[in-house]
Visitor: 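The structure that follows is given in the form of structure tokens.
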Amino acid sequence: MTRLLLLAGSAFALAGCADNAAPVPMAGTQFDGSYAGRDTLLRGVDFQCGDTSRPERIDVHDGQFAYPFPVSPPMIVPLPARIAMDGTLHGRLRYGTEINVVQFSQYRTDWAVLRGHITGTELDATLTTMRCVRHLTAQRSQTVGAN
């Protein structure tokens, strides 16, 4: 039992170290543009996680964008994401959800975490929540504000 608690404590300590890493310089406008593609449900069910596959358009401006997070389908909220100079992207949003336990409901908060990368003209990202995993693949079609 002591060994199990030690391992669990080590895991929490390591998880804390990941958030304290040196900040990565944020991207300027090199990734700006309109990205169009598909957002596909990899784990979960559509009534909790949104459509199993949906077309998606993401507009990046100044190295930032809002991912349309299906927090409680059909309700969608913007999850803010930032892009680093190397193309890695990250965003997270704390949200509330209801959990049905046998005969009663319980309210709980959790994190929606978006991680991914932009390579060339392709944006590839994964959204992970307590119940769902979604994968977005999109291609840049134009620069925001271009004619």
Side-chain angles (χ1 to χ4, degrees), residues 1 3-140 144:
M1 182 68 156
R3 190 176 291 167
L4 182 59
L5 289 173
L6 263 172
L7 288 173
S10 298
F12 285 123
L14 288 174
C17 291
D19 285 344
N20 293 331
V24 177
M26 298 312 298
T29 59
Q30 70 265 38
F31 299 108
D32 285 8
S34 182
Y35 294 77
R38 294 225 65 78
D39 192 358
T40 306
L41 182 62
L42 301 179
R43 185 188 80 207
V45 292
D46 58 353
F47 73 90
Q48 291 178 328
C49 305
D51 294 338
T52 56
S53 182
R54 64 179 192 227
E56 201 61 73
R57 179 182 160 170
I58 302 289
D59 290 323
V60 175
H61 184 69
D62 291 332
Q64 300 179 62
F65 65 94
Y67 172 83
F69 168 46
V71 67
S72 182
M75 187 173 87
I76 294 179
V77 298
L79 185 155
R82 297 185 70 186
I83 305 166
M85 289 186 78
D86 66 358
T88 59
L89 61 92
H90 183 265
R92 65 186 197 158
L93 177 72
R94 191 166 192 170
Y95 70 100
T97 186
E98 189 175 34
I99 301 171
N100 294 321
V101 182
V102 186
Q103 293 180 335
F104 62 94
S105 293
Q106 203 174 26
Y107 187 77
R108 166 182 177 173
T109 60
D110 196 29
W111 289 96
V113 178
L114 183 70
R115 288 194 174 111
H117 199 270
I118 296 179
T119 305
T121 61
E122 182 174 277
L123 186 154
D124 185 82
T126 301
L127 173 77
T128 306
T129 70
M130 165 177 58
R131 294 183 177 135
C132 314
V133 174
R134 300 193 68 86
H135 182 247
L136 169 66
T137 303
Q139 293 289 322
R140 184 170 54 210
V144 172

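Bear in mind the structure is a predicted one, so any value in this text is a computation, not a measurement.
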Visitor: List in chain and number order the residues that pass side-chain contact (heavy atoms from CB on, under 4.5 Å) with Asp51, two or more places apart in sequence or in another chain; answer none if no residue qualifies.
Guide: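 Partners of Asp51 by the side-chain contact (heavy atoms from CB on, under 4.5 Å) criterion, ordered by chain and then number, come out as Arg54.
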
Visitor: Do Thr126 and His135 make a side-chain contact, defined as non-hydrogen atoms from C-beta onward lying under 4.5 Å apart?
Guide: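 Touching, per the 4.5 Å side-chain cut-off.
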
Visitor: Check salt bridge (charged side-chain N to carboxylate O under 4.0 Å, His left out) between Arg43 and all other residues, then give those that pass, not counting sequence neighbours.
Guide: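 Listed in chain order: nothing, the list is empty.
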
Visitor: Determine whether Val113 and His90 make a side-chain contact, defined as any pair of heavy atoms from C-beta on separated by less than 4.5 Å.
Guide: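 When only atoms from C-beta onward are counted, His90 and Val113 do touch, with a gap below 4.5 Å.
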
Visitor: With the side chain counted from C-beta on, respond yes when Pro73 and Gln48 share a heavy-atom pair under 4.5 Å apart, and no when they do not.
Guide: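 No - every pair of side-chain heavy atoms lies 4.5 Å or more apart.
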
Visitor: Checking Met85 now: which residues fulfil side-chain contact (heavy atoms from CB on, under 4.5 Å) with it, not counting sequence neighbours?
Guide: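 By the side-chain contact (heavy atoms from CB on, under 4.5 Å) rule, Met85 matches Pro25, Gln30.
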
Visitor: Looking at every heavy atom in both Trp111 and Tyr95, which two are closest together, and how far apart are they?
Guide: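 Looking at all heavy atoms of both residues, the closest pair is C-CE2, 3.7 Å.
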
Visitor: Within this structure, what is the CG-OG1 distance for the pair Leu42 and Thr128, rounded to the nearest 0.5 Å?
Guide: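 If we round to the nearest 0.5 Å, Leu42:CG and Thr128:OG1 are 9.0 Å apart.
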
Visitor: Identify the heavy atoms of Leu89 and Ala125 that sit nearest to each other, and give their distance.
Guide: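 So the minimum-distance heavy-atom pair works out to CD1-CB, 4.0 Å.
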
Visitor: Could you grab the distance from atom CG of Asp124 to atom CD of Gln139, nearest 0.5 Å is fine?
Guide: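 Answer for the CG-CD pair, Asp124 versus Gln139, is 10.0 Å.
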
Visitor: Which atoms form the tightest heavy-atom contact between Met130 and Asp110, and what is the distance?
Guide: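 Closest heavy-atom pair between Met130 and Asp110: CB-OD2, 2.8 Å.
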
Visitor: Once disulfide (SG to SG under 2.5 Å) is applied, what residue pairs with a partner in residues 41-97 remain, sequence neighbours excluded?
Guide: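 Every disulfide (SG to SG under 2.5 Å) pair that includes a residue of residues 41-97, provided the two are not neighbours, is Cys49-Cys132.
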
Visitor: Check step by step if side-chain contact (heavy atoms from CB on, under 4.5 Å) holds for Glu122 and Thr137.
Guide: CA-CA 7 Å; Glu122 182 174 277; Thr137 303; 3.9 Å; yes

Visitor: Is the Tyr35-Phe65 ring centre distance short of 6.0 angstrom?
Guide: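 Centroid separation for Tyr35 and Phe65: 6.0 Å or greater.
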
Visitor: Do Leu123 and Leu136 have side-chain heavy atoms sitting under 4.5 Å apart?
Guide: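 Yes - at least one pair of side-chain heavy atoms lies under 4.5 Å apart.
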
Visitor: About how many Å separate CG of Leu114 and CZ of Arg92, when rounded to the nearest 0.5 Å?
Guide: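 These two atoms lie 12.5 Å from each other.
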
Visitor: When rounded to the nearest 0.5 angstrom, what is the spacing between NE2 in His61 and OG in Ser34?
Guide: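 Rounded to the nearest 0.5 Å, the NE2-OG separation comes out at 13.0 Å.
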
Visitor: How close do Arg140 and Gly33 get, counting heavy atoms only, and between which atoms?
Guide: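 Shortest heavy-atom separation between Arg140 and Gly33 comes out as CD-CA, 4.1 Å.
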
Visitor: Who are the side-chain contact (heavy atoms from CB on, under 4.5 Å) partners of Thr119, not counting sequence neighbours?
Guide: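 Partners of Thr119 by the side-chain contact (heavy atoms from CB on, under 4.5 Å) criterion, ordered by chain and then number, come out as His117.
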
Visitor: Sorted by first residue and then second, give each side-chain hydrogen bond (donor to acceptor under 3.5 Å, both in side chains) pair with at least one member in residues 66-89; sequence neighbours left out.
Guide: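 Every side-chain hydrogen bond (donor to acceptor under 3.5 Å, both in side chains) pair that includes a residue of residues 66-89, provided the two are not neighbours, is Asp39-Tyr67, Asp86-Thr88.
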
Visitor: For Thr29 and Asp62: C-alpha separation, side-chain torsions, deciding distance, then whether side-chain contact (heavy atoms from CB on, under 4.5 Å) applies.
Guide: CA-CA 5 Å; Thr29 59; Asp62 291 332; 3.5 Å; yes

Visitor: What is the minimum heavy-atom distance between Ile76 and Pro70, and which atoms define it?
Guide: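 Distance-wise, the nearest heavy atoms are CG1-CA, 4.0 Å.
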
Visitor: Below 4.5 Å, heavy atoms only, C-beta onward: do Pro80 and Gln64 meet side chain to side chain?
Guide: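 SC-SC contact between Pro80 and Gln64 ruled out.
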
Visitor: Which heavy atom in Ile58 sits nearest to a heavy atom in Ala66, and how many Å separate them?
Guide: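 What the structure gives for the nearest pair is CD1-O, 4.2 Å.
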
